[in-house]
Protein chains: 4
Amino acid sequence: MEPGPHNAITDVAGVRVGHATLISGEGPLRPGEGPVRTGVTVIMPHGDSLFRHKVRAAVHTINGFGKVFGFEQVRELGVIESPIALTNTLNVGLVADALITHAIERDPDIGISTAGTVNVVVGETNDGYLNDIQGRHVRAEQVQAAIASASAGPVVEGAVGAGTGTICFGWKGGIGTASRVLPKAGGGYTVGALVQSNFGRAEDLVVCGVPVGREIKPPPRQRVALRDRAVTRDQEVTRDQEVATGKEGSIMIVLATDAPLDARQLGRLCVRVGAGLARTGSTLGHGSGDFAIAFSTAQRVAHAPGALAEMQPVVANEGKAMRWLFPAAVECVEEAVLNSLFRAETMTGRDGHTIEALPVERVVELWRRGRTI
Amino acid sequence: MEPGPHNAITDVAGVRVGHATLISGEGPLRPGEGPVRTGVTVIMPHGDSLFRHKVRAAVHTINGFGKVFGFEQVRELGVIESPIALTNTLNVGLVADALITHAIERDPDIGISTAGTVNVVVGETNDGYLNDIQGRHVRAEQVQAAIASASAGPVVEGAVGAGTGTICFGWKGGIGTASRVLPKAGGGYTVGALVQSNFGRAEDLVVCGVPVGREIKPPPRQRVALRDRAVTRDQEVTRDQEVATGKEGSIMIVLATDAPLDARQLGRLCVRVGAGLARTGSTLGHGSGDFAIAFSTAQRVAHAPGALAEMQPVVANEGKAMRWLFPAAVECVEEAVLNSLFRAETMTGRDGHTIEALPVERVVELWRRGRTI
Amino acid sequence: MEPGPHNAITDVAGVRVGHATLISGEGPLRPGEGPVRTGVTVIMPHGDSLFRHKVRAAVHTINGFGKVFGFEQVRELGVIESPIALTNTLNVGLVADALITHAIERDPDIGISTAGTVNVVVGETNDGYLNDIQGRHVRAEQVQAAIASASAGPVVEGAVGAGTGTICFGWKGGIGTASRVLPKAGGGYTVGALVQSNFGRAEDLVVCGVPVGREIKPPPRQRVALRDRAVTRDQEVTRDQEVATGKEGSIMIVLATDAPLDARQLGRLCVRVGAGLARTGSTLGHGSGDFAIAFSTAQRVAHAPGALAEMQPVVANEGKAMRWLFPAAVECVEEAVLNSLFRAETMTGRDGHTIEALPVERVVELWRRGRTI
Amino acid sequence: MEPGPHNAITDVAGVRVGHATLISGEGPLRPGEGPVRTGVTVIMPHGDSLFRHKVRAAVHTINGFGKVFGFEQVRELGVIESPIALTNTLNVGLVADALITHAIERDPDIGISTAGTVNVVVGETNDGYLNDIQGRHVRAEQVQAAIASASAGPVVEGAVGAGTGTICFGWKGGIGTASRVLPKAGGGYTVGALVQSNFGRAEDLVVCGVPVGREIKPPPRQRVALRDRAVTRDQEVTRDQEVATGKEGSIMIVLATDAPLDARQLGRLCVRVGAGLARTGSTLGHGSGDFAIAFSTAQRVAHAPGALAEMQPVVANEGKAMRWLFPAAVECVEEAVLNSLFRAETMTGRDGHTIEALPVERVVELWRRGRTI
């Protein structure tokens, strides 16, 4: 299948993406102050009030070792009613709160009148190797900026927004995106993926089938010290270093489509992201919080429906579209992860920790030589 | 089965409960300012670092129309590693953030060293009929105060903490708790429940089998106006009034036990809370976010285990304890809901909205007359 | 809400119910031979080929201690494509096989051509106290007979079909059914339930809010002997008697509606059956396999759809219908259980085991006296 | 990681595998008679009564388009109490019934005394392109034979037992198995997988990272005719040929380990099989029923426990073993699928349908050339 015009989630008509990137300070970590290497990325299914005009949606947890917000209500009601925000692990509470503020500004009767409250959706990965994650530096200001800057068209990838401080297969990861257009026989629908990549062990990296991770290795990582604070015996950690510093990481995956999938079908689409991850070398590690969120822009679901029931377009279970939608999602996820690696540049953060960009030329060369390595 | 000494969740040894209650202002709602009728309630499985010494746990969503925090990781790993906090719907983000702050203060290497990040657990119901819920008045200060005040022994019930502004079966609801001690043949274990009650239609209330809701009705509620702000056509709401103003409400239920249940068994315990709710008249309404969280104090799970595997005490699937644990949970939940009603006092909040306390003497009289009503 | 014309699941237009009842032999159990007290009940969403014209459906497991057939595919695809059959626990394999035979006879290309295979749905409870359950006496002949006799209109209740040998709250249970018609404001839809009741402890029985189980008790049950076969030490059973002989039992619940619910919404309907069970006194016991299956007759889903996507009628999430559908399901389930008790007659089975019919007059008298008991 | 001595699921001590293979007849399909190309494969966690001495277990549904038996109770209780049998799709009912017969013969009080009934576990894939699947030729005799022949040590792979008639990536699939031994640091545990492979599109096949499916194609398949029976208009099928004839197929995966995982942890292990499948080229197609079953031999769970609670060995959540167990499962599943392909021989079945064996030498040559293809 071919990618859409931008090879991005924004190839699904109406979808917008915005980033706010926070890079400041350098040198030793001063917890709560910096250095800061983090941000927020928002994905908006459309540009109107999502609270008034929800979209059909589903979520799926591959490995629940993570701290997402808003999943229960999406599961129950099958809709998303806010922008989706991605950020760092400890910032989820504040970013959720900022989305609530945004929703109230847009729909001032939320929580007051008969409108009920709002369910916001936030995902995260842990950028604590480069970033002062305790500082929770993403505030309402950044979330508002990301939303304000959200646009259709090309998406900036790599070490931006929620991907500013993330690490993928030992190299600098970040935001990646990709899209696929189904053939006419499959309905001509578009599927797009956007990922915040922060997972994988260096030796496992596979690029388009070539296990390049066996050949090229990132420089060894600095030992993460408990620093110059008093550490009581109780706080000492005997757990294996690699696991805990996020080398196993996590990934957030957002899927969008204009195919009229219902919530159950979107859930099935989400399940397929696991195959896309596996193609890049993931074994869905213990410590990797792997989550998927999918929505369809094909129909808006009214907050205040005028009728008891309505006619909704839904893809036929046994029709030809399903044959193409699943592989499209798998391909998008695989390529979005690779794009996040290919676009990210070397980043130095707290304590001088440095994560190198993937050496693209070397990877391409290995890919050309293929399995002979 | 008999209740424990305090008929409270704190009858499970080591469990502590603390509240912070916010009551200020009166008169017309000024969104973001007041009047304030809300709070936070924390349940602590034990008094040490929960991050270092986790407890086995499970969560269960009966009806996912709600905004809980931390459920995915509890499902995946079967442990809770922070105090459990209950608050109002729009305050979940800030309360989660406050719990993160608390965890960092206690374990300063969270997110920095090999310790990884922390998964905090927050539940909520909507108190917007009485409270300026947009104001999100519960801040880190209140969460810290609730934790600091948490204690074993008797639990204050009714319109306190997270129950300050809630409504149950049309009457003033709030925090309620109860416990049951299994007979010797069942292991002599204790089961306790604590609820934040905010659900139910007045006409459905059943007290100990007597449908008192058919006889006694709370005064009609004021119409919730969109107030003196400009409301665009797009924001107008045609949805049915009763549904949206929280009359269908929600309930958060926390179960504790000293029986050595594993995560799977605690999940089964959670499922039973639905039967406790039904006994009070609930039909698990569309708009009612009904969630359960259960933990066992029988064993601490080390954050940094010293061995690959360990011996854990686990209740036998087919042993006698399971026969008693399930009815004990059902009884606790039923009584905790009723206690929340019996202990709550009349509350007047925003816009002069008043929710009356359940007329206890009248209920007792009806109960005495029984089905002849 | 009012019941439909027959107060039966068949009040949902098109739904048919058929039974085949097997009663033969008396005296001591001869495993594999008799006495036989069992049967099969089939529920057909409509009278045409269900394989070609599926119905939207969902399943829900409250307590999975049971042996249902076909649930995974219903969860995945959201449709039912065969009659639903209920029978005894050990007979599920043969009854599933009989449904496959029936499907092949109706659609002879199943498994051969491009039609794929068929997913049949079977539920069960354990009637081994009265019935030679090892004999698996329900064969293709009985399944065919039940299907052939399936009809709209009044449903025979009590000790018939799959309810021939079941026990409910210590009294003779069986098949029960009930229906509710939503008011015009809720769409005027019909909801129906049919249950195979085989659960509950005698002391827990509640009839319309009156705990009659505290007052009236069935005669003590005979001890179930290991009989005159050699029993090795390894086979000896020390488990508590009451648990294992089915006193905790199980229940299968089938819900039907003509409301155009999609699979997700039907799943939500299924969750509510727990509240209906609780109203009769259930605490969802460890050994009680409690399962629900729901389908909507509002739309047929083509096995071989002509288009990639189609317009489907779906009830609005936030519309008024959901407010009525959930209580309707709860009421139907409660009444269907009570009807199964009120209609069943005393049955004597294997080894002279006798289960008495509920003494209806005494129950009515208690109900009149109400809570004064 | 290295494989165990037999590179088979039987490298997990105590595990036994047995097959019964049915090959008879040739020429045109006579539905119900033949030709027969099917069978049954049984996996036994140990050689004693599984009903009396259960093993901890979990199940996981990746794509529920399939007809497994016994999953609900494994989910609820976390144990397996019968041999696991794999067979063809329409044979599940009869094979389940045969396992019940086997269980009764071994434990004659099942269903009679306090022992309760038995939950048997059966999986399947559709072998209808080669086999007279309507005939359901696997009967109790074959199941008994497979159980009787079950043994430790080397496992016969390819077109045997439940794999006799299956198709994988367009080539002859079947039974495959593999194992991995964890390093000492990971506990030295063994993980084994056994698969019944029947999935995948020819063009997607990937062998050890090399997309050989792009280069080598199986001969085109015969069109599956509706044969010489009258076909009414209603039965005609317009669905796409490829989807329905099982080209998308299905896979059953059984995992065994001697690591003391509890049911929750075994469920996490099951989730990882998706990554193993993806490595071979699967995109988890719509029509592919992909199911996993995992058990641990580390501890036997008594049917009739002597105590209320007991000490159980459990792998530490955060210990080092989890780091190795997940990749081990992924590797085992990938290799088991490839082994099923490498070991299967060309098979001709009904209507002269022929499925060729994978041309192993050509694959090896392509693999040597690697990505240069």
Side-chain angles (χ1 to χ4, degrees), chain C residues 29 31 49 52 61 63-73 75-77 89-90 92-97 100 104 107-117 119 126 128 133-134 136 224-227 229 231 234-241 243-245 287 289 291 303-306, chain D residues 29 31 49 52 61 63-73 75-77 89-90 92-97 100 104 107-117 119 126 128 133-134 136 224-227 229 231 234-241 243-245 287 289 291 303-306:
Chain C
L29 173 68
S49 163
R52 295 291 161 197
T61 297
N63 189 43
F65 200 154
K67 290 89 182 167
V68 291
F69 196 103
F71 270 36
E72 295 306 310
Q73 189 161 323
R75 283 199 184 97
E76 187 72 34
L77 301 181
T89 309
L90 296 186
V92 172
L94 291 183
V95 168
D97 192 63
I100 293 169
I104 290 172
D107 292 290
D109 56 339
I110 285 176
I112 294 180
S113 72
T114 57
T117 55
N119 185 53
N126 179 353
I133 193 170
Q134 286 193 357
R136 290 160 275 174
V224 181
L226 286 181
R227 312 203 33 72
R229 285 165 296 116
V231 176
D234 184 50
Q235 289 159 6
E236 257 185 83
V237 178
T238 59
R239 193 158 63 132
D240 184 76
Q241 176 90 352
V243 175
T245 51
F291 299 94
H303 181 72
Chain D
L29 173 68
S49 164
R52 295 292 161 197
T61 296
N63 189 44
F65 200 153
K67 290 89 182 167
V68 291
F69 196 102
F71 269 36
E72 296 306 309
Q73 189 162 321
R75 283 199 185 98
E76 187 73 35
L77 301 181
T89 309
L90 295 186
V92 173
L94 290 184
V95 169
D97 192 64
I100 293 168
I104 290 172
D107 292 290
D109 56 338
I110 286 176
I112 293 181
S113 71
T114 57
T117 55
N119 184 55
N126 180 352
I133 193 170
Q134 285 193 358
R136 288 160 277 173
V224 181
L226 285 182
R227 310 206 29 75
R229 286 164 295 116
V231 176
D234 184 51
Q235 289 160 5
E236 257 187 83
V237 178
T238 60
R239 193 157 65 130
D240 184 76
Q241 176 89 351
V243 175
T245 51
F291 299 93
H303 181 72

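Chain identifiers are assigned alphabetically (A, B, ...) following the order of the sequence lines, protein sequences preceding nucleic acid strands; residue numbering begins at 1 within each chain. Not measured: the values here are computed from a predicted model.
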Can you find a heavy atom in the side chain of Lys67(C) that is under 4.5 Å from one in the side chain of Thr117(D)?
yes
For Pro31(D) versus Ile112(C), what's the shortest heavy-atom pair and its separation?
CG-CD1, 3.8 Å
Ile100(C), part contacting chain D, at a heavy-atom distance under 4.5 Å
both
Leu77(D) versus chain C, heavy atoms under 4.5 Å apart: side chain, backbone, both or neither?
side chain
When the 4.5 angstrom heavy-atom criterion is applied to Ile133(D) and chain C, the contacting part is side chain
Which distance, rounded to the nearest 0.5 Å, do you find between the CD of Glu76(C) and the CG of Asn63(D)?
4.0 Å
Scored by heavy-atom pairs under 4.5 Å with chain C, the best of Thr89(D), Val92(D), Leu94(D) is Leu94(D)
Looking only at atom types and distance, does a side-chain atom of Gln73(C) sit under 3.5 Å from a main-chain N or O of Gly289(D), one as donor and one as acceptor?
no
Heavy-atom pairs under 4.5 Å with chain C: which of Val68(D), Val95(D), Ile110(D) has the most?
Ile110(D)
Output the distance between atom CG (Asp97(C)) and atom CZ (Arg136(D)), rounded to the nearest 0.5 Å.
4.5 Å
